[in-house]
Amino acid sequence: MILIGSLGVFFYNYFLLLGTARLKAQTAFVINELWPALIILFSCWILKEKMNPGKAAAVIFSFLGILVVTTDGNLAEFSLGDSRGVFYALMAAVCYGMYCTLNKKEIYDKNLSVMISYAAGTITAFILVLIQGKLTIPTGSQAAGMLWNGIICNALPYLTWALALDLGNTAVIANLAYLTPFVSLLLTHFVLGEKITVFSVLGLVLIVTGIIIQMIVNKKMEASEI
């Protein structure tokens, strides 16, 4: 639980913050949406779940969508823009995809595992802060923001997501996560004032296309087994 928790809490958030610091928020968030496709790949590798045409389509279209976003549609010259920022965002997706897969593999109380995950993440982050020598006392507003981010944006979603993965098919549950990029695009526009680019929208369309194909194939396969 300590190792998995550090992977899913500390390293995921650390790489995501590094990525968003160097990229536009919408770009970092769309790249981060690669993690459900990575769950499918990791589940086939670690959990020995079977790959089918629907899952394969979801993975391929997800990678194509991420490629369009990260290159701003410049596929011919394959320019990644801020390659370090892209790398950080990709690493965040890898960490969270692996966290979700390992969380399903191990059988333990999810309430306890979330507590251990955050405790391990807190200790890891505290050690890093000490090494960097940047330990400061937060102000009242900063403390309130950290509580909001920690409880509402992280702890509660981590718990409910872990429970969802336990109760259903990993690949099917992962598809529901694709609602988040659309919400993220709207928030980056209305809250941060970022202009939504056509490449961000096109990348998400490719990702959703893969999801739809997967759902259709899965339904046909389930119907044929009945």
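For clarity, every value in this text was computed on a predicted model and none was experimentally measured.
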Distance in Å, [X] [atom1] paired with [Y] [atom2], rounded so as to fall on 0.5 Å steps:
{"X": "T139", "Y": "M146", "atom1": "OG1", "atom2": "CE", "value": "7.5 Å"}
{"X": "L16", "Y": "L90", "atom1": "CG", "atom2": "CG", "value": "11.5 Å"}
{"X": "Y99", "Y": "S6", "atom1": "OH", "atom2": "OG", "value": "10.5 Å"}
{"X": "L38", "Y": "M98", "atom1": "CG", "atom2": "CE", "value": "9.0 Å"}

Donor + acceptor pair across side chains of T188, Q26 (<3.5 Å): no
Classify the side-chain pair Y96/N13 by whether it contains a donor and acceptor separated by less than 3.5 Å.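 There is no such pair between these side chains.
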When hydrophobic residues are tied together by side-chain contacts of less than 4.5 Å, even through go-betweens, does [X] share a cluster with [Y]?
{"X": "I151", "Y": "I116", "value": "no"}
{"X": "W148", "Y": "V9", "value": "no"}
{"X": "V205", "Y": "I196", "value": "yes"}
{"X": "L7", "Y": "Y12", "value": "yes"}
{"X": "L163", "Y": "L112", "value": "yes"}

I need the minimum non-hydrogen distance between [X] and [Y], along with the two atoms involved.
{"X": "A89", "Y": "I31", "result": "CB-CG2, 3.6 Å"}
{"X": "L185", "Y": "S200", "result": "CD2-CB, 4.1 Å"}
{"X": "V94", "Y": "F42", "result": "O-CE1, 3.8 Å"}
{"X": "C100", "Y": "I39", "result": "CB-CD1, 3.6 Å"}

May I ask you to test the [X]-[Y] pair for a side-chain heavy-atom distance under 4.5 Å?
{"X": "L41", "Y": "C44", "result": "no"}
{"X": "L192", "Y": "L187", "result": "no"}
{"X": "L23", "Y": "F29", "result": "no"}
{"X": "V68", "Y": "L64", "result": "no"}
{"X": "M115", "Y": "M1", "result": "no"}
{"X": "F10", "Y": "I123", "result": "no"}

Side chain to side chain contact (heavy atoms under 4.5 Å, CB included) between F15 and N32: does it pass, once the steps are laid out?
CA-CA 10 Å; F15 283 122; N32 188 52; over 6 Å; no
So does [Y] get a backbone contact from the side chain of [X], meaning a donor-acceptor N/O pair under 3.5 Å?
{"X": "T101", "Y": "G97", "result": "yes"}
{"X": "T20", "Y": "L17", "result": "yes"}
{"X": "K55", "Y": "K50", "result": "yes"}

Hey, mind stepping through M51 and I40 against side chain to side chain contact (heavy atoms under 4.5 Å, CB included) and telling me if it holds? CA-CA 8 Å; M51 177 67 74; I40 296 175; 4.1 Å; yes
Would you sort out whether H189 and E194 count as a side chain to side chain contact (heavy atoms under 4.5 Å, CB included), showing the intermediate values? CA-CA 5 Å; H189 175 67; E194 286 189 5; 5.8 Å; no
Neighbour count above 12 (heavy atom, 6.0 Å) for [X] [atom1]:
{"X": "L147", "atom1": "CG", "result": "yes"}
{"X": "F87", "atom1": "CZ", "result": "no"}
{"X": "I2", "atom1": "CD1", "result": "no"}

Side chain to side chain contact (heavy atoms under 4.5 Å, CB included) between I4 and S117, worked out = CA-CA 7 Å; I4 295 173; S117 296; 5.7 Å; no
Just checking Y14 against F11, ring centres under 6.0 Å apart? no
